[in-house]
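Computation of the quantities below employed the complete heavy-atom set of this structure, encompassing side-chain atoms and omitting hydrogens, waters and symmetry-equivalent molecules. As the structure is a computational prediction, the values presented were derived from the model and not from experiment.
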Amino acid sequence: MSAADLMLKPVPELAALVRGGEISAREVVGAALRRIEDLDDRINAFVEVDSERALEAADKIEPGDERPFAGVPIAIKSNVPVAGMCMNFASKFLSGHRPGHSAYIVRRLRDAGFVVIGTTNMPEFGILPTTEPRHTGVTHNPWDLDRTPGGSSGGSAAAVAAGMLPVAHGNDGGGSIRIPAACCGLVGLKTSRGRVSRGPDLGDSFLSCDGILTRTVAESAQMLDVLAGYEVGDATWAPRPTEPYATAVRRDPGRLRVAMTADNPLGIDVDPECVHGMHVAGELLASLGHEVEHASPSLPGGDVFSLFIQAFGPAVSLGIAYGELLAGRPPEEDEIEPLSRAVFDLSQRLTSVGYLGAAAQLQAVARGVVAFFAEYDLLLTPALAERPLPIGECNGLGEDPLADLARSGRFTPFTSLFNVTGQPAISIPLGFGDDGLPTAAQLVAKPLGEDTLLQVAAQMEAALGRPARIPEL
């Protein structure tokens with residue numbers, strides 16, 4: 001079996017091959033490493049690949065290992081600590097930083113048998129929905145090397161889409177799992193607020209959550225079972241589900257009311273292919289027996305973007321503050337990008353009362369949006385407002401970096417609202433446009449409604465019958 005064929009297998013199948021002794025964990029991890037060696041000079045998905053430690057970990061996994069994903073390779077986005085691996089936020093300021101501990105989610109993945117093989121690229125400090133950092137270089141979309149794979153989990157999405165890995169870690173503070181999933185033809189689930197612990201370094205977040213980029217909905221459900229749950233010391237947490245998501249995803253959700261809209265808070269005109277994708281998804285849902293109608297929650301005006309930046313800016317600026325703590329000094333002029341400095345400066349000027357005021361106003365917006373779901377079970381929107389952007393169009397490196405931040409909102413006006421509300425949302429691949437690039441739609445569920453979201457997404461996936469494929473590179 002070729003390395004590409006192995007990386008296309010669903011993670012339970014890969015683990016079953018290892019458990020049954022049909023293939024060794026070293027062979028599976030070695031296949032991933034060969035794919036990375038063959039392809040990453042063109043994609044640039046990785047910040048670091050730790051082949052030696054990955055193979056050592058694989059060699060400790062024997063046939064009969066009962067851990068559900070023993071021997072399956074995975075990578076972690078470079079803004080989450082993995083002991084001894086590079087965690088640089090794609091910034092020169094944190095170049096070579098290797099934490100001495102791992103995040104709880106990394107421990108959970110390893111406890112489930114995953115082998116961490118490296119860390120993946122991202123925009124500097126996770127600010128933009130493209131992945132073109134000055135320090136670690138541009139990550140390319142495997143379906144078109146001149147296009148972005150999205151961001152901020154762009155390296156992880158590109159690695160999975162190219163068939164270097166079966167799954168990879170990402171996180172989402174404004175769409176950073178769903179956007180690259182949509183750009184790369186993957187499944188990207190943003191969980192409910194508090195569903196996955198962000199410890200031990202970070203407390204609960206108003207906006208951000210961790211997750212996994214996958215090829216299938218079933219894998220997203222299985223990965224959520226690995227990551228979800230309370231950790232000692234968590235300040236807030238979502239209640240436990242009534243059953244494992246891997247079980248729930250196989251249940252029929254029944255007939256649901258689905259609202260469908262291309263309206264968005266920024267009033268952006270949406271690319272016809274993105275609107276077409278939404279309508280394809282709507283027709284598919286109707287054919288599956290759901291009641292689909294055009295309706296939209298009452299959306300905030302364009303000034304909500306400024307409010308969002310007042311909450312999002314301090315969150316991403318924590319990475320710069322972390323670097324200052326490590327270095328004992330502020331960054332030099334050439335050590336962080338113009339956009340990072342601009343966002344950090346804005347965050348530094350924002351008072352504590354200003355931040356709390358913005359968060360309070362955003363929560364008021366959220367209450368109005370969530371109230372809409374008293375009438376509807378799901379909301380269907382386009383995943384993006386534009387096709388994956390050409391490399392260089394939005395990278396924050398020009399004379400007016402904040403203009404690129406505003407530009408990024410026009411590319412992705414559908415995602416960040418549901419970081420504000422804390423609701424679960426998923427990007428579902430629907431196929432490919434005439435331009436050869438993936439097309440996707442976003443589904444949003446009621447608060448804590450991951451089970452319903454996954455059930456409906458699985459229905460859609462089964463009806464679409466998506467073949468397993470990777471781009472020709």
Side-chain angles (χ1 to χ4, degrees), residues 44-45 47 77-79 88-95 120-141 146-158 170-180 182-183 207-208 266 268 305-324 330-350 384-413 415-416 419:
N44 193 38
V47 166
K77 187 176 174 181
S78 58
N79 63 353
N88 63 6
F89 295 79
S91 176
K92 183 179 178 182
F93 188 39
L94 282 155
S95 178
T120 56
N121 205 16
M122 57 185 286
E124 189 177 72
F125 298 110
I127 297 172
L128 288 174
T130 57
T131 302
E132 304 176 31
R134 186 170 61 190
H135 177 57
T136 48
V138 173
T139 299
H140 301 266
N141 191 319
D146 294 325
R147 300 281 183 146
T148 184
S152 63
S153 306
S156 290
N171 37 43
D172 190 318
S176 290
I177 289 174
R178 290 160 290 157
I179 294 163
C183 288
L207 298 174
S208 297
L266 302 183
I268 302 300
F305 184 73
S306 175
L307 282 177
F308 179 77
I309 294 304
Q310 290 177 64
F312 179 74
V316 299
S317 294
L318 277 173
I320 303 174
Y322 180 58
E324 288 190 346
E332 300 290 342
E333 189 64 33
D334 68 339
E335 288 184 310
I336 63 172
E337 295 174 12
L339 178 57
S340 300
R341 187 171 295 279
V343 170
F344 188 60
D345 289 346
L346 283 173
S347 301
Q348 293 284 77
R349 293 196 298 269
L350 182 66
L384 306 169
E386 301 177 69
R387 306 302 283 153
L389 298 180
I391 298 293
E393 184 164 321
C394 182
N395 59 21
L397 298 175
E399 293 183 1
D400 186 0
L402 289 175
D404 273 0
L405 187 59
R407 172 71 184 86
S408 73
R410 298 195 295 275
F411 174 40
T412 61
T415 53
S416 61
N419 296 83

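One finds the CG atom of Leu318 at 9.5 Å from the CZ atom of Phe344 (value rounded to the nearest 0.5 Å). The CD1 atom of Ile127 sits 11.5 Å away from atom CG of Asp404, with the distance rounded to the nearest 0.5 Å. Rounded to the nearest 0.5 angstrom, His135 NE2 and Phe89 CZ are separated by 13.0 Å. To the nearest 0.5 Å, atoms CD (Glu132) and CE (Met122) are separated by 14.0 Å. For the atom pair Ser416 OG and Ile179 CD1, the distance stands at 8.0 Å (nearest 0.5 Å). The CZ atom of Arg178 lies 9.5 Å from the OG1 atom of Thr412; values are rounded to the nearest 0.5 Å.
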Test log, rule side-chain contact (heavy atoms from CB on, under 4.5 Å), inputs Glu332 and Lys92: CA-CA 10 Å; Glu332 300 290 342; Lys92 183 179 178 182; over 6 Å; no
Test side-chain contact (heavy atoms from CB on, under 4.5 Å) applied to Leu207 and Phe308, step by step: CA-CA 10 Å; Leu207 298 174; Phe308 179 77; 3.9 Å; yes
Does the side chain to side chain donor-acceptor pair (under 3.5 Å) test come out yes or no for Thr130 and Thr148, once each step is laid out? CA-CA 6 Å; Thr130 57; Thr148 184; 5.0 Å; no
Mind running side-chain contact (heavy atoms from CB on, under 4.5 Å) on Ser153 and Asn171 for me, showing each step along the way? CA-CA 7 Å; Ser153 306; Asn171 37 43; 4.3 Å; yes
Quick one: do Leu94 and Phe125 satisfy side-chain contact (heavy atoms from CB on, under 4.5 Å)? Show the steps, please. CA-CA 10 Å; Leu94 282 155; Phe125 298 110; 3.9 Å; yes
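Taking 4.5 Å as the limit, some side-chain heavy atom of Pro331 sits within range of a side-chain heavy atom of Arg341.
Minimum heavy-atom separation, Pro123 to Ser152: CD-O, 3.2 Å. The two residues His140 and Ile391 have their closest heavy-atom pair at ND1-CG1, 4.2 Å. The minimum heavy-atom distance linking Asn419 with Gly173 is given by the pair ND2-C, 3.2 Å. Closest approach of Leu128 and Cys394 over heavy atoms only: CD1-O, 3.9 Å. Across Pro180 and Gly175, no two heavy atoms sit closer than the pair CD-O, 3.8 Å. Minimum interatomic distance between Ala90 and Ser78 (heavy atoms only, all atoms of both residues): N-OG, 4.1 Å.
Between the side chain of Arg134 and the backbone N or O of Ile336 there is at least one donor-acceptor pair closer than 3.5 Å. Not a single donor-acceptor pair under 3.5 Å links the side chain of Ser156 to the backbone N or O of Thr120. At least one donor-acceptor pair closer than 3.5 Å links the side chain of Asn141 to the backbone N or O of Cys183.
Under the side chain to side chain contact (heavy atoms under 4.5 Å, CB included) criterion, Asn44 pairs with Asn121, Thr139, sequence neighbours left out.
A salt bridge links Glu393 with Arg407; the closest basic N to acidic carboxylate O contact falls under 4.0 Å.
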